Amino acid sequence: MTDHPVSVPSTPSSASVPGSVTTPAPVPDSGRLAGKTALVTGAAAGIGRGVAARFAAEGARVVFSDRDGAGAEAAAAESENSRGIALDISDEASVSGAFTDLAASGWTPDVVVANAGVQLFGHDAKVADLDLDVWRRTIDINLTGTFLTVKHAVRAMLAAGGGSIILTGSPTGLNGEGADFTAYSSSKAGIHGLARTVAAAYAGENIRVNTVVPAYTETPLVSAITSDPEARAAIIGRIPLGRAGSPADIEGIMVYLASDDGAFATGALFAVDGGMTTL
Ligand SMILES: NC(=O)c1ccc[n+]([C@@H]2O[C@H](COP(=O)([O-])OP(=O)(O)OC[C@H]3O[C@@H](n4cnc5c(N)ncnc54)[C@H](O)[C@@H]3O)[C@@H](O)[C@H]2O)c1
């Protein structure tokens, strides 16, 4: 079994996501993240790649990380002050080793975006039809991998005096949107709870933790939907603003939470979903 049963090309940049009707206009670099160092997981493609590139454009030093190390390096090469590393969030040695290496080279992150995830289209299912192996694979990466990322981010931030951690959630963890995807939806609900719990535990240590909830966003993750006109129309029909999201739609809220503008935000969930979770 692969994580992406449907073979697709990686998304080259947030500005060229196919099928998006109206994506935000490029935002001039504001320097809002000048002086910060950020680590983004799942940054070889999709939302993570777009967010990491935007962070760099806003003045941060950025570590693009992904289990696809070559993809992370290629993505990082397109941005200033960035580096790409291999990091598998489901492997604690890989996660802790990355934080150790970053500290040794003076790149301890002030901002960590725990974004990497999978959705096993063609395997994930309603609960009566769900194989234990598919459940475990999804939870191992999405929930346990996010836990490991957050655990080592918190350790690094405790040593450094604080920071901002941002998790990528999902409407499927909030409403019935994920009825056919039990494992994925459960992993995302777990991520929402993890963020609240860690935020409460470490607010006194100047560590903020928040969750961003995108809607259906046209990245390689959801190519099974994007390539099926009927399925695509159906999901867009459940987005009140009437279009699919793109990684560019998510970048602004991530910049806010990473920056000092977000200094009073913690333990919160920010839906930037075209209204999807209002239904
Ligand atoms: N695309 C959507 O519609 C949508 C909607 C809501 C939430 N999300 C969430 O947004 C996040 C990013 O999704 P995307 O659409 O950009 O997906 P994507 O498939 O385009 O990119 C995900 C990246 O994560 C990497 N990855 C997968 N497993 C990993 C692991 N074990 N360790 C490190 N990297 C790993 C992949 O190699 C890939 O580069 C995910 O958490 C996803 O659940 C996506």
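Please read these numbers as outputs of a predicted model, since none were measured by experiment. Every number for a ligand or one of its atoms is a count from 1 in the order of the listing. The figures that follow rest on heavy atoms only: side chains count, while hydrogens, waters and symmetry mates do not.
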For ligand 1, which atoms sit closer than 4.0 Å to a heavy atom of Ile47?
10 (O), 16 (O), 44 (C)
Nearest-0.5 Å distance, CZ of residue Phe64 to CD of residue Glu73:
12.0 Å
Report, in ascending order of atom number, the atoms of ligand 1 lying under 4.0 Å from any heavy atom of Thr217.
1 (N), 2 (C), 3 (O)
4.0 Å heavy-atom contact, Arg49 with ligand 1:
no
Hey, does Thr41 sit under 4.0 Å from ligand 1 if you only count heavy atoms?
no
Ligand 1 atoms nearer than 4.0 angstrom to some heavy atom of Leu87 are 32 (N), 33 (C)
CG of Asp88 to CD1 of Ile141: how many Å apart, nearest 0.5 Å?
7.0 Å
Note: ligand 1 atoms sitting under 4.0 Å from heavy atoms of Lys188 are 9 (C), 40 (C), 41 (O), 42 (C), 43 (O)
With heavy atoms and a 4.0 Å threshold, my read on which part of Ile141 contacts ligand 1 is side chain
Atoms in ligand 1 flagged as close to Gly46, the criterion being non-hydrogen separation under 4.0 Å
16 (O), 20 (O)
Using a strict cut-off of less than 4.0 Å between a Lys/Arg side-chain nitrogen and an Asp/Glu carboxylate oxygen, indicate whether Asp101 and Arg83 qualify as a salt bridge.
no
Taking non-hydrogen atoms only, is Val118 closer than 4.0 angstrom to ligand 1 via side chain, backbone, both or neither?
side chain
Begin from the C-alpha positions of Ile225 and Gln119 and carry the test side chain to side chain contact (heavy atoms under 4.5 Å, CB included) through to its verdict.
CA-CA 12 Å; Ile225 300 173; Gln119 185 168 4; over 6 Å; no
With atoms numbered from 1 as shown, which atoms in ligand 1 lie under 4.0 angstrom from a non-hydrogen atom of Asn115?
10 (O), 11 (C), 12 (C), 40 (C), 41 (O)
State whether the shortest distance between N or O atoms of Asp68 and N or O atoms of ligand 1 falls below 3.5 angstrom.
no
Tell me whether ligand 1 is touched by Gly169 - counting only heavy atoms on the residue side and a distance under 4.0 Å.
yes
Quick one: which ligand 1 atoms are inside 4.0 Å of a heavy atom on Thr168?
9 (C), 10 (O), 11 (C)
CG of Asn175 to OG1 of Thr278, rounded to nearest 0.5 Å, is 9.0 Å
I'd like to know whether ligand 1 has Pro214 as a neighbour, heavy-atom separation below 4.0 Å.
yes
Geometry only, no angles: is Gly42 polar-contacting ligand 1 at N/O separations under 3.5 Å?
no
With a 4.0 Å cut-off on heavy atoms, is Ala215 touching ligand 1?
yes
Ser187 and side-chain hydrogen bond (donor to acceptor under 3.5 Å, both in side chains): which partner among Thr182, Asn142, Thr172?
Asn142
Note: Glu58-Lys36 ion pair, threshold 4.0 Å (strictly below):
no
Any idea which atoms of ligand 1 are less than 4.0 Å away from a heavy-atom of Tyr216?
3 (O)
Region of Leu221 that comes within reach of ligand 1 [heavy atoms, distance under 4.0 Å]:
both
Flag the pair Leu39 / Phe99 as yes when at least one side-chain heavy-atom distance between them is below 4.5 Å, and no otherwise.
yes
What do the steps show when you test Arg54 against Met254 for side chain to side chain contact (heavy atoms under 4.5 Å, CB included), and what is the final call?
CA-CA 9 Å; Arg54 176 69 181 274; Met254 293 279 191; over 6 Å; no
Main chain of Trp107, side chain of Thr37: is a donor-acceptor contact present, judged purely on distance under 3.5 Å?
no
NZ (Lys151) and CD1 (Ile165) are apart, to the nearest 0.5 Å, by 13.5 Å
